[in-house]
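Per chain, numbering begins at 1; letters A, B, ... match sequence-line order. Not measured: the values here are computed from a predicted model.
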There are 2 protein chains.
Amino acid sequence: MNAYLLIGTEREFMRPSKRDELVRKSLAVFYRDGFHATGMDTLVVETGISKTTMFKHFRTKEDLILAVLRYRDETFRNWFLRSLDERDLPPRQKLLAIFDVLREWFEESGFRGCMFIKASSEFQDPAHPAHTQSTEHKRLLLSAFKSLAEKAGAARPELLARQLLLLKEGAIVAAQMGFDPDPAGAAREAASALIEAHIPDT
Amino acid sequence: MNAYLLIGTEREFMRPSKRDELVRKSLAVFYRDGFHATGMDTLVVETGISKTTMFKHFRTKEDLILAVLRYRDETFRNWFLRSLDERDLPPRQKLLAIFDVLREWFEESGFRGCMFIKASSEFQDPAHPAHTQSTEHKRLLLSAFKSLAEKAGAARPELLARQLLLLKEGAIVAAQMGFDPDPAGAAREAASALIEAHIPDT
DNA sequence: GCGAATATGAACAGATCGGTACATATATCG
DNA sequence: CGATATATGTACCGATCTGTTCATATTCGC
């Protein structure tokens, strides 16, 4: 049995370490500079991985981008939901904590907004795989929010989840563009009022 | 006196009609396909205006993009705020109507999200003029919302305006990506709860 | 209709785009 | 070690990128 099969998340190739390294490092560049604005030659310089190797792992730039988005979905969603979980709060408070985790993210150095909002902005055709993958990412978050809203005893958990997600996306855009000094705080207060309206305070 | 000076909004050139035509038609292409993904040769084909003329009016592609963004700010903000005004509602209802106007926009054929969110996604450097112009557009909307919130008698008009803007931006992202069947509706209901919390119901 | 301003078309420049060819080097496994 | 898989470097391909050149039309104010 090949030990490499156990490393990382990719199973299509025998030695995925280089591939994973490429995905991770490309993610950083795409996130910082954008998809169209980043050329393959830039990736060679920034990742230190040869162009030949890149095109051995991914047939096209688009394939690489899709792998980057898959990786981002996995890591970001894991990080976000686990951060929520680790706070070990009652469900109602957990809904609010969404916006505390969000603020943590906004305060990270190098924060540049949501990779999926940007992907859907650069690949606007709704049928484009980068677009559909981005939509799917948001659906998965929505579903997690809904399950939280149910546990919190919301009268209409689906609606509450959608509204909290709207607040979250709005806060991300505000943080990215910088037109609000504390979008996470404003969103948190709004969420509090919403939760109050959805879940009568015992 | 030159009659051309009265046409359109541009005053730097003697015959602004071609320039305005170029800006308007380029806007449509950039909006549909994105900034980086649209080349100048594509613009020649899609606008029917020669490349020579383009570069006589704008020294670089970036200059054209900035003019497009200025034009978009003007027309969109005018349209949005006038649509609100024309409804002739009491201030409190006007705040809610934000999301009715929003839904109208979402339902337009060819809707592809907010041009400024996309601009700030493609030009991520916060110091890039396309980015700062996008931020400014949102600030102007925020200011209009705040003035509405004041007229509606909100206890903290600035906060309410920021929250309504977050809902609006979130709804736009949701509409662009398509992960919510009725983002304007969900946002409207949320706004209703927020307004209720900010402005006690007589 | 005349002179001046403006618009056009096509060809071109140099850089960069995504992607390939191929020969060489390095690492891994038995 | 020896065999095999993987990674590298460089040079190259055709297409496309932003922007220019220049000679020719077209449109304008008067």
By nearest heavy atom, map I49(B) and T60(A) onto DNA chain C; which one lands nearer the 5' end? I49(B)

Is any N or O donor-acceptor pair between the side chain of T52(A) and the base of dG9(D) shorter than 3.5 Å? yes

Sorted by chain and residue number, the side chain to side chain donor-acceptor pair (under 3.5 Å) partners of R103(B) (sequence neighbours excluded) come out as D182(B)

Consider the side chain of K18(A), meaning its heavy atoms from C-beta on, and name the nucleotide among dG19(C), dT8(C), dA7(D) that approaches it most closely. dA7(D)

Side-chain donor/acceptor of T42(B) to backbone N/O of T38(B), under 3.5 Å: no

All pairs passing side-chain hydrogen bond (donor to acceptor under 3.5 Å, both in side chains) where residues 162-174 of chain A contributes a residue, at least two apart: K138(A)-E169(A), R162(A)-D180(B)

Is the distance from OP1 or OP2 of dT8(D) to the nearest side-chain N or O of T53(A) less than 4.0 Å? yes

In short, ring-ring contact (aromatic ring centres under 6.0 Å, His included) pairs touching residues 132-175 of chain B with sequence neighbours left out are F76(B)-H137(B), F116(B)-H137(B)

Just the rounded figure in Å: distance from P of dA5(D) to NZ of K56(A). 12 Å

In this structure, how many angstroms lie between the P atom of dG18(C) and the CG atom of L66(A), rounded? 15 Å

To the nearest angstrom, the CZ-P distance between F55(B) and dT8(C) comes to 14 Å

Could I get a table of every N or O pair under 3.5 Å where one atom is in the protein and the other is in nucleotides 12-17 of chain C?
none

Using atom CZ of R19(B) as one end and atom P of dA7(C) as the other, report the distance to the nearest whole Å. 11 Å

Euclidean distance, W79(A) CH2 relative to E86(A) CD, rounded to 0.5 Å: 10.5 Å

Check this one for me: any side-chain N or O of H57(A) less than 4.0 Å away from OP1 or OP2 of dT6(D)? no

With sequence neighbours excluded, tell me which residues meet side-chain contact (heavy atoms from CB on, under 4.5 Å) with R87(B). L89(B), A97(B), D100(B), V101(B), E104(B)

Does any pair with a residue in residues 146-155 of chain A pass salt bridge (charged side-chain N to carboxylate O under 4.0 Å, His left out), and if so which ones, sequence neighbours excluded? K146(A)-E158(A)

In whole angstroms, how far is the P atom of dT8(C) from the CG atom of L43(B)? 14 Å

Which whole-number value in Å describes the distance from D63(B) CG to dG19(D) C1'? 13 Å

Take atom NZ of K25(B) and atom C1' of dA7(C), then tell me their distance rounded to the nearest Å. 14 Å

